[in-house]
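The structure appears right after this line, and notes come after that.
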Protein chains: 2
Amino acid sequence: MALKSQQPLDPAYLEKLQDYYAEHKVIPSYSVLATLWGISAKSWVSECVRRFEEAGYLGWTPDRQLKPGPRFFERRLAHDTVQAGLPNPALSEGYDLVTIDDYLIRIPSKTSLVRVKGDSMIDAGIHEGDLIVVEQQPNANVGDIVVAIVDNEFTVKYLDREKSTFVLKPANKAYPVIRPKGRLEIFGVMAGLVRKTR
Amino acid sequence: MALKSQQPLDPAYLEKLQDYYAEHKVIPSYSVLATLWGISAKSWVSECVRRFEEAGYLGWTPDRQLKPGPRFFERRLAHDTVQAGLPNPALSEGYDLVTIDDYLIRIPSKTSLVRVKGDSMIDAGIHEGDLIVVEQQPNANVGDIVVAIVDNEFTVKYLDREKSTFVLKPANKAYPVIRPKGRLEIFGVMAGLVRKTR
DNA sequence: TGGTTGACAGAACGAATGTTCGGTACCGTA
DNA sequence: TACGGTACCGAACATTCGTTCTGTCAACCA
């Protein structure tokens, strides 16, 4: 007994759990897991959970409640080269695993999101409706894409310098360069971009 | 009894729960909640939970397990209109956003990420190095941006039709339309995009 | 001064939870 | 043909869960 599990557990189980979690934001009880997995013995659920825990997909709170493990939220990054013959490239070797939040957000408390209005940055690949990930900070370097506050509105622009004053340059020839009178108020620097197309 | 609760519940309770959830990704049991809140009666926890549920911060799975409610993750999205003088950037109109993962990913088990190579889709605002969020599915509609497998490589292109055959159209005049010989193999449909600029 | 209300405590209880253990049926190997 | 391993079932069980109901106490009117 108490053997090592060398078999990789049925990935379908994990996926079903992840989908359940995505919907409810909670790990269900063993009996619910049983029906979710099409299993009828809680003892077997228990064993599966043990293996997922061993693999880092599940864990326990200090109060011995089942919770997602460190690898639970990992997203697979499909490689851009597909292995010949392999049916599922996402499962093949050499996958990196990322959660998008971790990928984009370095300092959660200083990071916020701003929705893009208009197409003044279209040449920088920034479209209307996109979400800009902003790291809040009062100053930036020339060349950075910054979120500035102009006339009480957020504006996303390139930061540039003309002589001794800072200006905001759009990435769209149809828009003018903004030369703020007085001090330029910078909300933060763009650290990333998120677009939802579906 | 059974009076309406007009009092807004102690916000500290909610914050403690949110912190706990942020750490463990799970809603604890009533007895743990009790110690978390510094309460010693489960009956009172039960009452508090009732009110949080009424307010939309907590909810229940179909199996009557306590779970985060719709408002649990409410995070202010910085609004594009700034109140004059006020630091408070958000208006009620603003979207409530959970996490970026939740925003982009509907079905975790069918979603993967593909890194963009080249600039063939630059006119669609898709740059080299961006991550495409792909929902895996074997077919798509004309006009969708799809991730197809051509010559054992992932390709991101618009799906279009010429007469009776499907073709892949780049969003860059410098690139040719791809007319696959044989069946066009579609890996999935683009559901979003993630770019890291820092 | 007395009465009501809201915030909590405490016990009691049935239902649900997760563990343990023993059992079965199907492998592949030797 | 026997054998060990693996995938699963099923029952028994102590523990824990969340509910319900009753009780205390300070605050706040009136």
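If you're wondering where the values come from, they're calculated on a predicted model, not measured in any experiment. The sequence lines fix the lettering, A, B, ..., with proteins before strands; numbering per chain opens at 1. Below, each value reflects all heavy atoms present in this structure, side chains not excepted, and no hydrogens, waters or symmetry copies.
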Checklist entry - What's the CG-P distance between A:Leu33 and C:dG18, to the nearest Å? => result 8 Å
Checklist entry - What is the distance from CD of B:Gln65 to P of D:dT19, rounded to the nearest Å? => result 13 Å
Checklist entry - In chain order, what residues pass the ring pair (Phe, Tyr, Trp, His ring centres under 6.0 Å) check against B:Tyr20, with sequence neighbours excluded? => result B:His24
Checklist entry - Contact class for B:Leu66 (heavy atom, under 4.0 Å): base, sugar-phosphate, or nothing? => result nothing
Next on the checklist: Heavy atoms from C-beta onward define the side chain here; which of C:dC8, D:dC17, C:dT17 lies closest to that of A:Ser31?
Outcome noted: C:dT17
Item to check | Between C1' of C:dA7 and CD of B:Glu47, the distance in whole Å | outcome: 10 Å
Checklist entry - Just wondering, do A:Pro28 and A:Leu17 contact through their side chains at under 4.5 Å, heavy atoms? => result yes
Next on the checklist: Measure CD/A:Glu53 against C1'/C:dG18 and give the value in whole Å, please.
Outcome noted: 14 Å
Next on the checklist: Using the salt bridge (Lys or Arg N to Asp or Glu O under 4.0 Å) criterion, which residues pair with A:Arg179? Sequence neighbours excluded.
Outcome noted: A:Glu162
Checklist outcome for this item: Among C:dA9, D:dG18, D:dC8, the one nearest any side-chain atom of B:Ile39 is C:dA9
Pairs under 3.5 Å (N/O, protein and nucleotides 19-26 of chain C):
residue	atom	partner	partner atom	Å
C:dT19	OP2	A:Tyr30	OH	3.3
C:dT19	OP2	A:Ser46	OG	3.2

Next on the checklist: According to side-chain hydrogen bond (donor to acceptor under 3.5 Å, both in side chains), does anything in residues 163-172 of chain B pair up with another residue at least two apart or in another chain? List the pairs.
Outcome noted: B:Asp160-B:Lys169
Checklist entry - Roughly, in whole Å, what's the span from CD1 in A:Ile27 to C1' in C:dT17? => result 16 Å
Checklist outcome for this item: Among C:dA9, D:dC9, C:dC8, the one nearest any side-chain atom of A:Ser40 is D:dC9
Checklist outcome for this item: Taken to the nearest whole Å, CH2/B:Trp44 to C1'/D:dT19 is 16 Å
Item to check | Qualifying residues under side chain to side chain contact (heavy atoms under 4.5 Å, CB included), relative to A:Ala22, sequence neighbours excluded | outcome: B:Pro108
Checklist outcome for this item: A correct dot-bracket answer for DNA chain D, with pairs being Watson-Crick or G-U at under 3.5 Å, [ ] for crossing pairs and | for inter-strand pairs, is ||.||||||||||||||||||||||||||.
Between side-chain atoms of residues 181-191 of chain A and protein atoms elsewhere (two or more places apart, or another chain), which donor-acceptor pairs fall under 3.5 Å?
none

Next on the checklist: Once side chain to side chain contact (heavy atoms under 4.5 Å, CB included) is applied, do any residues pair with A:Asp102, and if so which ones, sequence neighbours excluded?
Outcome noted: A:Thr99
Item to check | Interatomic distance, B:Asp63 CG vs C:dA15 P [rounded to whole Å] | outcome: 18 Å
Checklist entry - side chain to side chain contact (heavy atoms under 4.5 Å, CB included) with B:Glu23: which residues, sequence neighbours excluded? => result none
Checklist entry - Does A:Arg50 pair with A:Glu53 as a salt bridge, N-O distance under 4.0 Å? => result no
